[in-house]
Chemist: 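Before anything else, here's the structure in question.
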Amino acid sequence: MSDFKPKSEFLQTLIARGYIHQCSDYAGLDEKAASGTLSAYIGFDCTAPSLHVGSLVQIMMLRWLQKTGGKPVPLMGGGTTRVGDPSGRDESRKILTLDDIESNKNGIKTVFSKFLTFGSGSHDALMIDNAEWLTTLNYIEFLRDVGRHFSVNRMLSMDSVKMRLDRDQELSFLEFNYMCLQAYDFVELNKRYGITLQMGGSDQWGNIVTGIDLGRRMGTPQLYALTSPLLTTASGAKMGKTAQGAVWLNADMLPVYDYWQFWRNTEDRDVGRFLKLFTELPLDEIARLEQLGGAEINEAKKILATEATAMVHGRDAAEQAELTARKTFEEGITADTLPTITITASDVDAGLGVLAAFVKAGLVASTSEARRQIKAGGLRVNDAVISDDRANLGHDTFMHDGAVKLSLGKKKHVLLKRA
RNA sequence: GGGGGAAUGUCCCGAGCGGCAAAGGGGGCGGACUGUAAAUCCGCUGGCUAUGCCUUCGCAGGUUCGAGUCCUGCUUCCCCCA
């Protein structure tokens, strides 16, 4: 790949920005992309009501595809989510109800409208749900037309399966079938929509290639696979998981300010890589930012945070978050735009203890934890460290605008606002 | 079908003579140092109306002043023999 010189803008961009881990056929795919007729899809499971930053690389690949003249298709796994993907997973996934899947799907849909332009034109994005063909599959017909093309011998040798077998871990027949369905998706998407490329994370390689193979046997044109590297931070942690949980893309799951903070806290060593993957800044600009050393790299992190946030939540909200952060961290002002929890005046009248207040604000999980944090000097009210766990928040602790700033550690702040 | 082993603190791994809120890691959180970074060091890491009370060791019973630990039955998983 290193010496491959693509002529398509699509591959040029993806290679230059570090999106590519593996490709089944660079030259062939490049040809297709350069002709301006490339349609590609990426499958997304409907296992949660929102996608998180772990899916962001995939979303960005679809976006770049559209920007470079291709047609992107996010595929909702409305059908496959009912089965569960064993790839790279040690445990079987629990089966979700149809209602859950449906509402998850709706939550996930919204994020794509931020990244892609949908419509009916030839380069407009299209959202498809594989429930469209999977749910009406007839078992006998499927076996006859599709099942006969799968080699169990080969499937057993696939990493995702082998791993489970080697460790003597249960792999149900249902899960085993996941890869067949995913392969079938690819073929079906080609027949119905002319899609010739499936992209995904590197853990999807086997599934994607199986789809290409199935296509060959079932008479599709040449199909292609393109995977992105599995993203970890420089210190090896998986992308997208933090202490409190996943870094969700939907604002109702994670406040914009917190999303901005997630990027702001990027490790030094990751800044350049993340700028390339998660922003659309020109590469020479990124090269300049990467040169920043020492404390100056913080400027690059702020740009990363704002750019990445703008992509999901819009420029205004991103700049708002940046401003809030500047007030909070650099100017020492209590910004009224911090994430806010509302309480009633009568809560205060009834005597609101610090412990309960921090629990209510969601900064600690229990009053016991609040006590521990107080002991460790980790809780502050209006920037004053709390030492007495029996202290009450009276009306006088609420500032002019009726809010108290509660802080856990130096980074997490929540406003408690009196309604 | 027969024989053997395993299940532990609801993040994970993992010790546990009958006195156990249960060793030790990892992870996470907080503190110190910094640059809202990394590395390092220190502390914490069941719940509550809290000098006490309640709930935890696969499930259900039993023995005992007292059970994660002993006995019985059950569930699940693994190994060996058939």
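Reminder, nothing fancy here: chain letters follow the sequence lines and each chain counts from 1.
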Chemist: Determine the interatomic distance between C1' on rA60(B) and the same-named atom on rA7(B); round to the nearest Å.
Modeler: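 It works out to 16 Å between them.
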Chemist: Measure from NE2 on H413(A) to P on rC29(B) and round the result to the nearest Å.
Modeler: 15 Å
Chemist: Which label fits rC71(B), syn or anti, where anti is any glycosidic angle not within 90° of 0?
Modeler: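 Here the answer is anti: the torsion falls beyond 90° from 0.
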Chemist: Looking at E280(A) and K67(A), does any basic side-chain N land under 4.0 Å from a carboxylate oxygen?
Modeler: yes
Chemist: Looking only at side-chain N and O atoms, does K411(A) come under 4.0 Å of OP1 or OP2 in rG30(B)?
Modeler: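 For rG30(B), neither OP1 nor OP2 has a side-chain N or O of K411(A) closer than 4.0 Å.
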Chemist: For Q320(A), which residues count as a side-chain hydrogen bond (donor to acceptor under 3.5 Å, both in side chains) partner, sequence neighbours excluded?
Modeler: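 In terms of side-chain hydrogen bond (donor to acceptor under 3.5 Å, both in side chains), with neighbours along the sequence ignored, Q320(A) is linked to no residue.
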Chemist: For residues F329(A) and H413(A), establish whether the separation of their ring centroids is below 6.0 Å.
Modeler: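 Judged by ring-centre distance (under 6.0 Å), F329(A) and H413(A) do meet the cut-off.
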Chemist: What pairs of residues pass the side chain to side chain donor-acceptor pair (under 3.5 Å) test when at least one of them lies in residues 364-382 of chain A, not counting sequence neighbours?
Modeler: none
Chemist: Are any of the side-chain nitrogens in D213(A) or R217(A) under 4.0 Å away from the carboxylate oxygens of its partner?
Modeler: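 Yes.
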Chemist: Between P on rA39(B) and CG on D268(A), what's the gap in Å once rounded to a whole number?
Modeler: 11 Å
Chemist: Say you pick atom P in rG19(B) and the same atom in rG68(B); how far apart are they, in whole Å?
Modeler: 10 Å
Chemist: Counting heavy atoms from C-beta on, name the nucleotide in rG30(B), rA37(B), rU36(B) closest to the side chain of K412(A).
Modeler: rG30(B)
Chemist: Establish whether the base of rU36(B) is bridged to the side chain of E330(A) by a donor-acceptor pair shorter than 3.5 Å.
Modeler: no
Chemist: Can you tell me the distance, in whole Å, between the CG atom of L379(A) and the C1' atom of rC29(B)?
Modeler: 11 Å
Chemist: Which base sits across from rC44(B) as a Watson-Crick or G-U pair, both distances under 3.5 Å?
Modeler: rG28(B)
Chemist: Sort and list the pairs that fulfil side chain to side chain donor-acceptor pair (under 3.5 Å) and have at least one residue in residues 329-352 of chain A, not counting sequence neighbours.
Modeler: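 Residue pairs with at least one partner in residues 329-352 of chain A: K302(A)-E330(A), T324(A)-T337(A), T344(A)-S346(A), T344(A)-D347(A), D349(A)-H395(A).
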Chemist: Rounded to whole angstrom, note down the P distance from rA15(B) over to rG24(B).
Modeler: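 The answer is 14 Å between these two P atoms.
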Chemist: Under a 4.0 Å heavy-atom cut-off, which of residues 280-313 of chain A touch RNA chain B?
Modeler: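 The answer is G294(A), A295(A), I297(A), N298(A), K301(A).
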Chemist: Considering only atom P, compute the distance from rG43(B) to rG5(B) and round it to an integer number of Å.
Modeler: 41 Å
Chemist: In whole Å, I'd like the distance from the CG atom of L408(A) to the P atom of rG43(B).
Modeler: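 The distance from CG of L408(A) to P of rG43(B) comes to 20 Å, rounded to the nearest Å.
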Chemist: Distance check, C1' atoms only: rC53(B) and rA21(B), in whole angstrom units.
Modeler: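 Rounded to whole Å, the distance is 13 Å.
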Chemist: Would you kindly give the CG-to-P distance between D389(A) and rC44(B), to the nearest whole Å?
Modeler: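 Distance check: D389(A) CG to rC44(B) P gives 17 Å.
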Chemist: Across all strands shown, which nucleotide pairs with rG58(B) by Watson-Crick or G-U wobble geometry, both distances under 3.5 Å?
Modeler: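 Looking at the geometry, rG58(B) pairs with rC74(B).
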Chemist: Closest-nucleotide mapping onto RNA chain B: is W260(A) or G378(A) further toward the 5' terminus? I mean the 5' end.
Modeler: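 Of the two residues, G378(A) wins.
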Chemist: Quick check for you: among rG31(B), rA38(B), rA37(B), whose closest atom lies nearest to any side-chain atom of K410(A)?
Modeler: rG31(B)
Chemist: Please name the nucleotide paired to rG66(B) by Watson-Crick or G-U wobble geometry with both distances under 3.5 Å, or report none.
Modeler: none
Chemist: Tell me, please, which residues at least two apart from D258(A) pass side-chain hydrogen bond (donor to acceptor under 3.5 Å, both in side chains).
Modeler: none
Chemist: Separation of D270(A) atom CG from rU36(B) atom C1', in whole Å?
Modeler: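 Rounding to the nearest Å, CG of D270(A) and C1' of rU36(B) are 15 Å apart.
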Chemist: Tell me every residue that passes side-chain hydrogen bond (donor to acceptor under 3.5 Å, both in side chains) with Y19(A), counting only those two or more places apart in sequence or in another chain.
Modeler: W64(A)
Chemist: Expressed as a whole number of angstroms, how long is the span from F329(A):CZ to rU34(B):C1'?
Modeler: 15 Å
Chemist: Not counting sequence neighbours, which residues clear side-chain contact (heavy atoms from CB on, under 4.5 Å) with N130(A)? List them please.
Modeler: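 side-chain contact (heavy atoms from CB on, under 4.5 Å) check on N130(A) returns L75(A), T80(A), W133(A), L134(A), D185(A).
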Chemist: If we take the P atom in both rG58(B) and rC17(B), what is their distance in whole Å?
Modeler: 15 Å
Chemist: For the C1' atoms, the ones on rC13(B) and on rU45(B), what distance do you get once it is rounded to whole angstrom?
Modeler: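 About 16 Å, rounded to a whole number of Å.
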Chemist: When you compare rG25(B) with rC44(B), how far apart are their P atoms, in angstrom units rounded to a whole number?
Modeler: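 Going atom to atom, P in each nucleotide, I get 11 Å.
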Chemist: Quick one: do D124(A) and K71(A) make a salt bridge, cutoff under 4.0 Å?
Modeler: no
Chemist: To the nearest angstrom, how far is R269(A) atom CZ from rA39(B) atom P?
Modeler: 7 Å
Chemist: What residues, two or more places apart in sequence or in another chain, satisfy salt bridge (charged side-chain N to carboxylate O under 4.0 Å, His left out) together with E296(A)?
Modeler: none
Chemist: In residues 353-376 of chain A, which residues come under 4.0 Å of RNA chain B by heavy atom?
Modeler: S366(A), T367(A), S368(A), R371(A), R372(A), Q373(A), A376(A)
